[in-house]
Amino acid sequence: MSSSYTDEQRQQAIDMYVEHGTKHTVETLGIPRRTILDWAKKAGVVAQADTEKTAQARAVNAERVQAAWGDYRENEALGAGAAAASMRNGVLEASANNNHQLLRARATAYGIFVDKAELLSGRATSRVETWAESELDRELRELIDQMEDRIMADAEQIDRETDQEQR
């Protein structure tokens with residue numbers, strides 16, 4: 001029971017807990033774990049050592065999860081690639097038999113399998129292009145605009161001359 005401890009023992013336990021963590025404090029002072037944690041909670045403190053250990057454990061766990069996901073993704077990429085190869089044969093077969101409905105379904109499935117194999121392999125599944133207008137492009141656009149203006153002016157001139165001749 002916590003009432004059997006002095007204020008000095010409580011403070012010593014809290015200080016040790018903050019610096020060295022729960023396990024070290026329990027082993028050194030022989031005070032129950034739950035008692036130390038209750039005192040720390042009431043004091044509003046967190047063990048630095050426990051926080052660092054937790055962070056390290058999380059980092060190790062994250063690395064393991066990442067490695068496991070990499071293995072899983074690699075296996076799934078191989079499976080999707082094999083399924084795509086199989087579906088490609090099905091596309092060729094449906095095409096040879098002129099079965100357009102089956103051809104369409106198999107071609108769609110083939111595309112999906114290829115896309116997923118690429119995605120799981122870490123390769124791009126789409127491409128985005130950007131285009132910046134070059135100086136040559138601007139000059140060409142200006143020349144085209146000038147030609148259109150000239151054509152319109154010539155057409156208006158022809159219309160005026162035609163109107164004058166008809167009068």
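Here Asp15 contributes atom CG and Thr25 contributes atom OG1; the two are 9.5 Å apart, rounded to the nearest 0.5 Å. Taken to the nearest 0.5 Å, the CD atom of Gln9 stands 6.0 Å off from the CD1 atom of Ile31. Remark: Leu37 CG to Thr22 OG1 distance equals 4.5 Å, nearest 0.5 Å. Interatomic distance, NE2 of His24 versus CG of Leu29, reported as 7.5 Å (0.5 Å rounding). Rounded to the nearest 0.5 angstrom, Glu27 CD and Met16 CE are separated by 11.0 Å.
Within the structure, no pair that satisfies the salt bridge (charged side-chain N to carboxylate O under 4.0 Å, His left out) test touches residues 54-67, not counting sequence neighbours. Applying the side chain to side chain donor-acceptor pair (under 3.5 Å) test to pairs two or more places apart or on separate chains, none has a residue in residues 92-101.
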Can you give me every donor-acceptor pair (side chain of residues 135-142, partner residue at least two apart or in another chain, under 3.5 Å) with its distance?
{"residue": "Glu135", "atom": "OE1", "partner": "Arg138", "partner atom": "NH2", "Å": "3.1"}
{"residue": "Asp137", "atom": "OD2", "partner": "Ser134", "partner atom": "N", "Å": "3.1"}
{"residue": "Asp137", "atom": "OD2", "partner": "Ser134", "partner atom": "OG", "Å": "3.0"}
{"residue": "Arg138", "atom": "NH1", "partner": "Glu133", "partner atom": "O", "Å": "3.0"}
{"residue": "Arg141", "atom": "NE", "partner": "Glu133", "partner atom": "OE2", "Å": "3.0"}
{"residue": "Arg141", "atom": "NH2", "partner": "Glu133", "partner atom": "OE1", "Å": "3.1"}
{"residue": "Arg141", "atom": "NH2", "partner": "Glu133", "partner atom": "OE2", "Å": "3.2"}

Would you give me the side-chain donor-acceptor pairs under 3.5 Å for residues 104-126, sequence neighbours excluded?
{"residue": "Arg106", "atom": "NH1", "partner": "Gly90", "partner atom": "O", "Å": "3.0"}
{"residue": "Thr108", "atom": "OG1", "partner": "Arg104", "partner atom": "O", "Å": "2.9"}
{"residue": "Glu118", "atom": "OE1", "partner": "Arg123", "partner atom": "NE", "Å": "3.1"}
{"residue": "Glu118", "atom": "OE2", "partner": "Arg123", "partner atom": "NE", "Å": "3.3"}
{"residue": "Glu118", "atom": "OE2", "partner": "Arg123", "partner atom": "NH2", "Å": "3.0"}
{"residue": "Ser121", "atom": "OG", "partner": "Ala117", "partner atom": "O", "Å": "2.8"}

Anything under 3.5 Å between a donor and an acceptor, one on a side chain of residues 144-160, the other on a protein residue two or more places apart or in another chain? List them.
{"residue": "Gln157", "atom": "OE1", "partner": "Arg160", "partner atom": "NH2", "Å": "2.9"}
{"residue": "Gln157", "atom": "NE2", "partner": "Glu161", "partner atom": "OE2", "Å": "2.9"}

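Using modelled atom types and a 3.5 Å distance limit, the side chains of Gln11 and Asp7 yield no donor-acceptor pair.
Tyr72 belongs to a hydrophobic cluster whose remaining members, ordered by chain and number, are Trp69; membership requires side-chain heavy atoms of ILVMFWY residues under 4.5 Å apart, directly or through intermediates.
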List the steps and the verdict of salt bridge (Lys or Arg N to Asp or Glu O under 4.0 Å) for Asp38 and Arg34.
-> CA-CA 6 Å; Asp38 286 343; Arg34 188 72 255 154; 3.3 Å; yes
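For Tyr17 and Trp39, the ring centers sit 6.0 Å or farther from each other.
Between Leu103 and Val91, some side-chain heavy-atom pair lies under the 4.5 Å cut-off.
Side-chain heavy atoms closer than 4.5 Å link hydrophobic residues (I, L, V, M, F, W, Y) into clusters, and following such links, possibly through other members, connects Tyr5 to Ile14.
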